[in-house]
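Read the structure below first, then the notes.
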Amino acid sequence: QVQLVESGGGLVQAGGSLRLSCAASGGTFSIYGMGWFRQAPGKEREFVAGISWSGVNTYYSDSIKGRFTISRDNALNTVYLQMNNVKPEDTAVYYCARDRVLARAYIATTTQLYDDWGQGTQVTVSS
């Protein structure tokens, strides 16, 4: 099991940028895929972006494609989500999570395929 701590959330105006970080500790990080999810009030948690264990492959939800970028630094045990041109509909609590399968051959996009979660960081986008 790995402990994940998100940071970097806050209040931002529409069109602005934020960079979220997720630091991992206490477990293996570099050989697992990682994902970012978000949950808005009254809605289910949804997939935002995922990255393979090597960092070579990424996958994005259609709602944020072209605006957000996921990356990772295995030397620092950290995964990032660069959020550009944010919109009010991006307002949510953002969570990072570790894939439950070591070196999965594809990027998992559902919550059930992740078994370690951070506590979340709030992102609020004002119009």
Side-chain angles (χ1 to χ4, degrees):
Q1 193 172 8
V2 66
Q3 289 74 51
L4 302 172
V5 178
E6 301 96 337
S7 61
L11 176 64
V12 60
Q13 287 189 330
S17 297
L18 277 177
R19 189 195 196 199
L20 306 184
S21 298
C22 171
S25 63
T28 305
F29 173 82
S30 62
I31 53 175
Y32 287 87
M34 297 293 295
W36 283 98
F37 290 75
R38 67 186 182 186
Q39 188 166 18
K43 295 188 177 181
E44 292 188 354
R45 193 169 299 188
E46 66 174 357
F47 173 82
V48 174
I51 189 166
S52 62
W53 65 273
S54 64
V56 170
N57 298 309
T58 57
Y59 188 76
Y60 299 94
S61 70
D62 288 342
S63 63
I64 58 87
K65 195 175 295 182
R67 299 189 295 121
F68 294 6
T69 302
I70 188 172
S71 62
R72 67 189 297 161
D73 186 333
N74 285 344
L76 297 179
N77 287 350
T78 302
V79 63
Y80 306 96
L81 186 68
Q82 178 66 43
M83 306 168 63
N84 296 330
N85 190 24
V86 295
K87 302 176 180 180
E89 52 263 43
D90 295 322
T91 295
V93 177
Y94 283 72
Y95 300 89
C96 67
R98 191 186 76 167
D99 195 329
R100 63 173 55 212
V101 172
L102 185 153
R104 190 188 297 271
Y106 59 92
I107 294 172
T109 61
T110 60
T111 58
Q112 295 87 343
L113 298 181
Y114 291 82
D115 61 2
D116 289 309
W117 294 82
Q119 83 290 347
T121 185
Q122 175 71 47
V123 172
T124 303
V125 182
S126 63
S127 58

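Keep in mind that the numbers below use all heavy atoms, side chains included, and drop hydrogens, waters and symmetry copies. The first residue in the sequence is number 1, and the count goes up from there. As the structure is a computational prediction, the values presented were derived from the model and not from experiment.
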Return yes if some donor-acceptor pair links the side-chain N/O of Arg104 with the main-chain N/O of Arg100 below 3.5 Å, else return no. no
When you group the ILVMFWY residues by side-chain heavy-atom contacts below 4.5 Å and let the links chain together, are Val125 and Met83 in the same group? yes
Between Ala108 and Asp99, the two heavy atoms sitting closest are CB-OD2, 4.0 Å
For Asn85 against Ser17, the heavy-atom pair lying closest together: N-OG, 4.3 Å
Is it the case that over 12 heavy atoms from other parts of the model lie below 6.0 angstrom from the NZ atom of Lys43? no
Which atom of Leu20 lies closest to which atom of Val123, heavy atoms considered: CD2-CG2, 4.0 Å
What are the two closest non-hydrogen atoms of Ala14 and Ser127, and how far apart are they? CB-CA, 4.3 Å
Within this structure, what is the CD-SG distance for the pair Glu6 and Cys22, rounded to the nearest 0.5 Å? 5.0 Å
Spacing of Arg72 atom CZ and Ile51 atom CD1 [to the nearest 0.5 Å]: 6.0 Å
Derivation and outcome, side-chain contact (heavy atoms from CB on, under 4.5 Å), residues Tyr59 and Tyr106: CA-CA 9 Å; Tyr59 188 76; Tyr106 59 92; over 6 Å; no
Stepwise side-chain contact (heavy atoms from CB on, under 4.5 Å) test for Val101 and Leu113: CA-CA 8 Å; Val101 172; Leu113 298 181; over 6 Å; no
Would you name the heavy atoms of Leu81 and Tyr94 that are closest together and state the gap between them? CD2-CD2, 4.1 Å
Where do Ser21 and Thr78 come nearest, in terms of heavy atoms and distance? CB-CG2, 4.3 Å
Which label fits Phe37 and Tyr114: parallel for a plane angle under 30°, tilted from 30 to 60°, or perpendicular past 60°? perpendicular
Spatial distance of atom CG (Asn84) from atom CZ (Phe68) [nearest 0.5 Å]: 8.5 Å
In plain terms, say whether Asp90 and Lys87 are close enough for a salt bridge, that is, a side-chain N and a carboxylate O under 4.0 Å apart. no
Is there a continuous path of hydrophobic side-chain contacts, each under 4.5 Å between heavy atoms, that joins Leu18 to Val48? yes
For the CH2 atom of Trp36 and the CD1 atom of Ile64, what is their distance to the nearest 0.5 Å? 12.0 Å
Between the CG atom in Leu11 and the OG1 atom in Thr91, the distance rounded to the nearest 0.5 Å is 8.5 Å
Chi angles and distances behind the side-chain contact (heavy atoms from CB on, under 4.5 Å) call for Tyr80, Asp73: CA-CA 8 Å; Tyr80 306 96; Asp73 186 333; 4.1 Å; yes
Is there a side-chain contact (heavy atoms from CB on, under 4.5 Å) between Glu46 and Arg38? Walk through the geometry before answering. CA-CA 5 Å; Glu46 66 174 357; Arg38 67 186 182 186; 2.6 Å; yes
Working to the nearest 0.5 angstrom, can you tell me the gap between Thr69 OG1 and Arg19 CZ? 10.5 Å
When you compare the side chain of Met34 with that of Leu4, does any pair of heavy atoms fall below 4.5 Å? yes
Would Tyr95 end up clustered with Ile107 when hydrophobic side chains under 4.5 Å apart are linked, directly or stepwise? yes
